[in-house]
Each structure stands twice: as C-alpha cells, then as structure tokens.
Number of protein chains: 2
Amino acid sequence: MRSEIDPSGQPGNGESTSTEPERSLIEKVRRAQIIEAAIDVIAVRGFAKASMAQIAERAGVSKGVISYHFAGKNELIERTVEQIYDRLGTFVASRLAAEGETGTAAWLRIYIGSLAEHMADHRTQLIALGEIFTQFRTENGELRYGIASSESLFAHLEEVFRAGQQRGELRAFDVRVMAVSLQAAIDDMFAYWSVHPDHDLAAHARELTDLFWHATRAEGRADS
Amino acid sequence: MRSEIDPSGQPGNGESTSTEPERSLIEKVRRAQIIEAAIDVIAVRGFAKASMAQIAERAGVSKGVISYHFAGKNELIERTVEQIYDRLGTFVASRLAAEGETGTAAWLRIYIGSLAEHMADHRTQLIALGEIFTQFRTENGELRYGIASSESLFAHLEEVFRAGQQRGELRAFDVRVMAVSLQAAIDDMFAYWSVHPDHDLAAHARELTDLFWHATRAEGRADS
DNA sequence: TAAATTTTTGGCCATGCGGTCAGAAATTGA
DNA sequence: TCAATTTCTGACCGCATGGCCAAAAATTTA
C-alpha cells in the first residue's frame, strides 16, 4: 500500500472543488452498491481480475449499469479509493485531534496506532486499497497512487518531524528520508498483515512506534 | 520493490538444481538479447505494457523467436529476475564477506550501502525489477515476488538482529517487525529514487543506516 | 391514464493479449 | 554439394477486456 492519508484534516485537494452534481436516490444507491461490489471483487480476486463483468455480477446488475452510473472503470476505481480513504482519514484525524499537542512520541503512537486500529476493523477495504495502490495505473503507465502522488503526505510527516527537532525532542536527521521510511514501514505492516492474517497488527503497530521513537529521539532522552 | 536478495551467499534454492540443459551459441546469445530487451521495455514502458510483441520489436526479432527460446512469458520474466538478482546478490555477498565480523553497525552500513551502490550503477535493471516485483503474478493471482516469497530474506535479517541482541549490542525488540520494516525502508528508498532520479541515493542509504542503528542499538551506546 | 424521462438489459464491437504453426531461411554436417 | 537440422518469420487463433448502443423496462411527471 502507498499513500495513506493526509492527516491534516484538510478537505482534500481532490476534484471535488466545484459543486457536486445532484444525484437521485437511485443514483446514490446504485453507486454505493457498485463500489461495495468493486471492493469485494478486488479484495477477493485481485485488481487484475476485477473486470467490469465481475463487478457487475457481484453487484447483481448488468455490465451496462456501471457504464451508466460511472464515466468508466477509472472513475469507479477512483471513487472507491476516495470512499475508503476519506473514512480512514476522518478516523485518524479525530484521534489526533482528541490528543492535543503532547509531543512526537504520543503523535507516533496515535498516528500509527489509529491507522492500524481502523484497518483491523476493515480488512477487506485494506486489501482492496493495497491492490489498487500497487496496480492501478494512469493511461501513460504511471502508478495512479504511487510514490509520486505521496508528496503531500511526505510533506506533512516532514513537518511533524521538523517541529520535534525544533523543540529539541528529536535528534538531527534527514526528515525526507525519515518520512519515506516511516510510510514504507506502515505500508508494509499492512501488506504483511494482508498476507498473514494471524499476524498481530496491534502489536506490530506498537513495535513500529518504538522503532521510530528510538530512531528519531534526541540522545539521552528516556522513553516516554 | 520487494525481496532484495539473500545475502548469505547460498547458491540459491532456485529451480537450477539438476543439470542445466546444453545451449548452442545462438541460443545463449538470443536469450541474453531477449532478456536485455525485456529489461529495457519493462523499465521504459512499464510491466503492464511490456507485451511479447513489444519485447520482440525491441530485440529486433519476430515474436515467435521468444516462444522458440523461452517456454513462455513467465519463463522469460523469471530468467530476467534471476539474472539481475544473481548479480546483485554476488556483489552484496562479496562486500559483506570482505568485512568479516565487525558488529551490527558495520553490517547495516555495508548491507544497505552495497545494495544502493550496485543499484546506482544499474538504474534500468532496478526499475525493471521494481516493476516485476510489484506486478508479476502467478496464475492464481498472487504476487510472484511478494511478501509471501520474502520469508527466507526475513529469516536471514532476523538472524542478524538476534545475533546482535545476544551480543548485547542491540536492545530488545521484535526481530520480525524490525526485519520487515528494514526491508520496507530499503525497498522504498529504491522506489523513491526510481521516481526522483536526482535524489541522492548514497546519502539516503547513509541516513537509513543511521535510522536503523538508532532504532536497534542498546541503550547508552555511542554511535560506531 | 398517457407521455416523458430515467434506468436497465444483453448483445456487439474493436483492441490487444499470449501462444501456435506451416513453411521459409539459415546453418550445420557428411 | 546437398541433405538434415536449427532457427526464424508473419499470419493466425481463441480469449478476455472496456466500452457502446438500440431497445426494453421501470419510474416519474403531467
């Protein structure tokens, strides 16, 4: 998986700037139903085998219905990511907001922990998201949700680290490398859990918090 | 990218146990030529668009030639990975062997550093490998070179960490989580460099060494 | 109720894929 | 030199895909 979320709580710089198109009830229900089917099929059969026909069958409608309610497969996938993504982001942001400003150690614990907690309760979504992030490509062949699109996430993590450094709480290190590595470790925590369902995700999250606290804290500091 | 290499220098548990089939000169030349074309096409156009037709065109032969010299696309891809992989493994193993036993700090530096050094000189191969590792699937839909196939690599890293812990050099931590996280951070170092060619790979490798040394070392120890 | 509109169906299309094959071309060996 | 063998070509196959559309069905509006 790649590019979790921007936990800053911003409304998201997505395409939803101008007025949302009005949707009839049927429209909304069908779109939700198709997205749910897409998540299931992608999680179970893998992104590559999640054809329009498969998704339509799962949703119990004919293939044309998807084309009627979505501009195409790309839009369906992007709306699917958007939905999962938004819920996760809301959850993490609320957890972080509930804590106030209590330093980097607490921030790491809550950030990593809340991501893990939410995903533990939404395994199917996590697996679908992992499939999409690693396989969904734009027409020119680039990963649609690849490292290149994680820039705003990296920037946010960098800011957290830089603030900790300025407070004297963290040692000197390259914040970009730390941000990329933290994200990588989180991504692979989920990827590992995807493959090993019995793996203890919460414990992994706690270990990861320790790992990055030791990696970032200033010399001579005790654990928090 | 996933599943770098087993740096233990073992001959590799691959399929090459029994006697290698004899190959004519033409056979060897053609296979090398086709593998090279495959690397180029995969690196430039992406794995998804690297069809037999594309690879054949790049190699300057007709499509049938590939089928003549390889059992199918799967064999071509696997031989391609094998080639890149073997060279990288040889390089890293020799660097590690040249150092002898000098503790975990040195091991981390040489392991991460030699991977980065070799890949810096073989960017096209690295990108092709990244494409293959993240997209090449078995017939049942699993990633051919995914986390599930990294078990032996994780086991090896765990052993390095466990040895350091027993020597009192490293603090207590979950070696599996540390192994998965180190591999993730290395993978993403390469992935980041794939997307940002001007990124300083050697400096990133040094930062990563620092990161994991701080994350793993026993309390009260100075940097080495 | 009747017309207008929205929604759904299921078949059809062009495209690109990996793989196969008969026969041509090139190479080898006697 | 000339047959045997290896290597190569380019057309062709079956298959699955995403998307399209005319017509049927369902729903809303007048």
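On a predicted model such as this, the values are computed, not experimentally measured, just so you know. Lettering follows sequence order; numbering is per chain, from 1.
One atom, NZ of B:K28, and another, C1' of D:dT6, lie 16 Å apart when rounded to the nearest Å. The separation between B:L76 atom CG and C:dC17 atom P is 15 Å, rounded to whole Å. In this structure, B:I34 places its CD1 atom 14 Å from P of C:dG18, rounding to the nearest Å. Look at CD on A:Q135: it is 16 Å from C1' on D:dT17, rounded to the nearest Å. Here D:dG18 presents its P atom at 11 Å from CZ of A:F136, a figure rounded to the nearest Å.
Remark: A:H69 is in phosphate contact with C:dT8, judged by side-chain N or O atoms under 4.0 Å from OP1 or OP2. Distances shown here put a side-chain N or O of B:Y68 below 4.0 Å from the OP1 or OP2 atom of D:dT7. Phosphate proximity of D:dT6 to B:R30: absent, as no side-chain N or O sits under 4.0 Å from OP1 or OP2.
Among A:F212, A:F173, A:W213, the single residue meeting the ring pair (Phe, Tyr, Trp, His ring centres under 6.0 Å) criterion with A:F161 is A:F173.
In B:E117, the CD atom is crowded: over 12 heavy atoms of neighbouring residues, nucleotides or ligands sit closer than 6.0 Å.
B:Q135 meets the side-chain contact (heavy atoms from CB on, under 4.5 Å) test with A:R137, B:F47, B:A48, B:E131; sequence neighbours excluded. Taking B:E158 as the reference, B:R162, B:R176 meet the salt bridge (charged side-chain N to carboxylate O under 4.0 Å, His left out) condition, with sequence neighbours excluded.
Nearest approach of B:M178 to A:L211, heavy atoms of both residues: SD-CD1, 3.5 Å.
For residues 42-66 of chain A, proximity to DNA chain D is found at A:S51, A:M52, A:K63, defined as any non-hydrogen atom under 4.0 angstrom from a strand atom.
The side chain of B:K73 approaches C:dG18 more closely than any other nucleotide in the set C:dG18, C:dT6, C:dT20.
Using a 4.0 Å cut-off between charged side-chain N and carboxylate O, B:R95 and B:E99 make no salt bridge.
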